[in-house]
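Note that ligands are numbered from 1 as they come in the structure, with each ligand's atoms numbered from 1 the same way.
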Amino acid sequence: MCMLCFSWRNCMKRLILVATAAASMVMALPASAQFKKPEDAVHYRKAAFTLMSAHFGRIGAMVKGTVPFDAKAAAANADVVSAVATLPWSAFGEGTGVGRSEAKPEVWSQPDKFKAGADKMVEAVGKLNAAAKSGNLDQLKVAFGETAKTCKGCHEAFKKD
Ligand code: HEC
């Protein structure tokens, strides 16, 4: 839970608002104007992946049964994953494979393949969100597995170990 709010639900709402606001800002700005330094882009995309992964992982724990299934929590987590899923991609501009980045050079030498991988993930996350909203654990399991495949597929091709 974050320190700014009093309940987990409020916290989720706030996160979603922030992420949604960030997403609309990203869409309104030309890619080149977003980051002062290449390192800032690396930091931004890592932060987005970390956030996305944390909330995806909370759904994963329910899918795997390590925590009890809670339909409301799953739906709230899926909302965060959906909002954040659109964010990392604009931070992969030319010349940002620097510093602490674990991105392989293929991100920039095979941009169409990389973009296709991102689109696939965003699409899978849309289905994950729908499954979470359905409140049906079996549907959620399937959608979680399909989404996880898109993470793994891209990491194998484009992320260093
Ligand atoms: C289209 C490609 C692609 C997809 C799809 C993708 N990732 Fe990644 N991911 C990357 C790349 C590239 C990096 C390395 C970024 C860097 O270090 O510059 C990365 C880094 C990460 C990191 C490390 C962040 C850090 O702090 O270093 C996590 C965690 C992560 N991804 C989780 C996920 C999850 C979870 C999914 C699926 C829901 C996912 N990724 C889908 C390409 C992808």
Side-chain angles (χ1 to χ4, degrees), residues 2 12 15-16 18-20 22-23 26-27 29 31-67 69-71 73-134 136-161:
C2 70
M12 285 294 141
L15 257 180
I16 291 159
V18 168
T20 311
V26 165
M27 280 174 236
L29 286 168
S32 57
Q34 290 177 53
F35 303 102
K36 282 195 191 134
K37 299 183 302 234
E39 288 79 5
D40 294 346
V42 175
H43 188 72
Y44 176 96
R45 67 196 184 220
K46 277 180 179 285
F49 281 124
T50 301
L51 197 56
M52 185 171 74
S53 187
H55 291 272
F56 186 60
R58 289 178 197 175
I59 299 173
M62 291 183 218
V63 161
K64 287 168 197 141
T66 49
V67 306
F69 177 52
D70 172 342
N77 281 309
D79 272 337
V80 178
V81 174
S82 287
V84 180
T86 59
L87 298 181
W89 321 116
S90 66
F92 282 98
E94 271 307 325
T96 62
V98 299
R100 292 176 51 239
S101 177
E102 292 161 295
K104 288 186 185 171
E106 283 79 359
V107 169
W108 296 279
S109 64
Q110 299 174 10
D112 294 346
K113 192 179 162 198
F114 185 69
K115 185 177 183 307
D119 289 348
K120 232 174 144 180
M121 189 206 83
V122 171
E123 198 191 323
V125 165
K127 291 183 183 160
L128 178 75
N129 203 359
K133 296 281 150 57
S134 79
N136 178 312
L137 182 57
D138 289 331
Q139 279 183 36
L140 189 60
K141 279 183 183 167
V142 172
F144 180 88
E146 290 300 316
T147 307
K149 267 190 223 160
T150 68
C151 313
K152 191 162 179 269
C154 184
H155 287 176
E156 276 169 9
F158 294 107
K159 183 177 175 289
K160 296 173 196 162
D161 291 329

- Would a distance-only check, ignoring hydrogens and angles, find a side-chain to backbone donor-acceptor pair under 3.5 Å from N129 to V125? no
- Could you go through the ring-ring contact (aromatic ring centres under 6.0 Å, His included) check for W89 and Y44 one step at a time? CA-CA 10 Å; W89 321 116; Y44 176 96; over 10 Å; no
- Is any side-chain N of the basic residue among E146 and K149 closer than 4.0 Å to the acidic one's carboxylate O? yes
- Applying a 4.0 Å heavy-atom criterion (strictly less than), which segment of K104 is in contact with ligand 1: side chain, backbone, both, or neither? neither
- Item | Residues that E156 engages under side chain to side chain donor-acceptor pair (under 3.5 Å), provided they are two or more places apart | K152
- Report the relative orientation of the aromatic rings in F56 and F144; use parallel for angles under 30°, tilted for 30 to 60°, perpendicular for over 60°. parallel
- Query: For atom 26 (O) of ligand 1, what's the nearest protein heavy atom and its distance?
  - Reply: T50 OG1, 3.3 Å
- Should C154 and M121 count as side-chain neighbours, where that means a heavy-atom distance under 4.5 Å? no
- For ligand 1, which atoms, with element, lie under 4.0 Å from some heavy atom of T150? 5 (C)
- Listing protein N, O or S under 2.8 Å around atom 8 (Fe) of ligand 1 gives H155 NE2
- Quick one: look up the protein heavy atom nearest atom 18 (O) of ligand 1 and list residue, atom name and how far away it is. S101 OG, 2.6 Å
- K120 atom NZ, neighbour heavy-atom count above 12 within 6.0 Å: no
- Item | Short side-chain to backbone donor-acceptor contact, S134 and A131, under 3.5 Å | yes
- Query: How about F35 and T96: do any of their side-chain heavy atoms sit closer than 4.5 Å?
  - Reply: no
- Purely on distance, is any nitrogen or oxygen of W89 under 3.5 Å from one on ligand 1? no
- Message: I'd like to know if E102 and K46 make a salt bridge, using a cut-off of under 4.0 Å between side-chain N and carboxylate O.
- Response: yes
- Query: Considering only protein heavy atoms, which is closest to atom 25 (C) of ligand 1, and at what distance to one decimal place?
  - Reply: K46 CG, 3.6 Å
- Does the side-chain contact (heavy atoms from CB on, under 4.5 Å) test come out yes or no for H43 and E39, once each step is laid out? CA-CA 6 Å; H43 188 72; E39 288 79 5; over 6 Å; no
- Message: Is the contact between F92 and ligand 1 made by the side chain, the backbone, both, or neither, using heavy atoms and a 4.0 Å cut-off?
- Response: side chain
- Task: Check each atom of ligand 1 against the heavy atoms of G117 and keep those under 4.0 Å away; list them by number with element.
- Result: 1 (C), 5 (C)
- Message: For atom 17 (O) of ligand 1, what's the nearest protein heavy-atom neighbour? Residue, atom name and distance, please.
- Response: E102 N, 2.7 Å
- Query: For atom 12 (C) of ligand 1, what is the nearest protein heavy atom, given as residue, atom name and distance?
  - Reply: F158 O, 3.6 Å
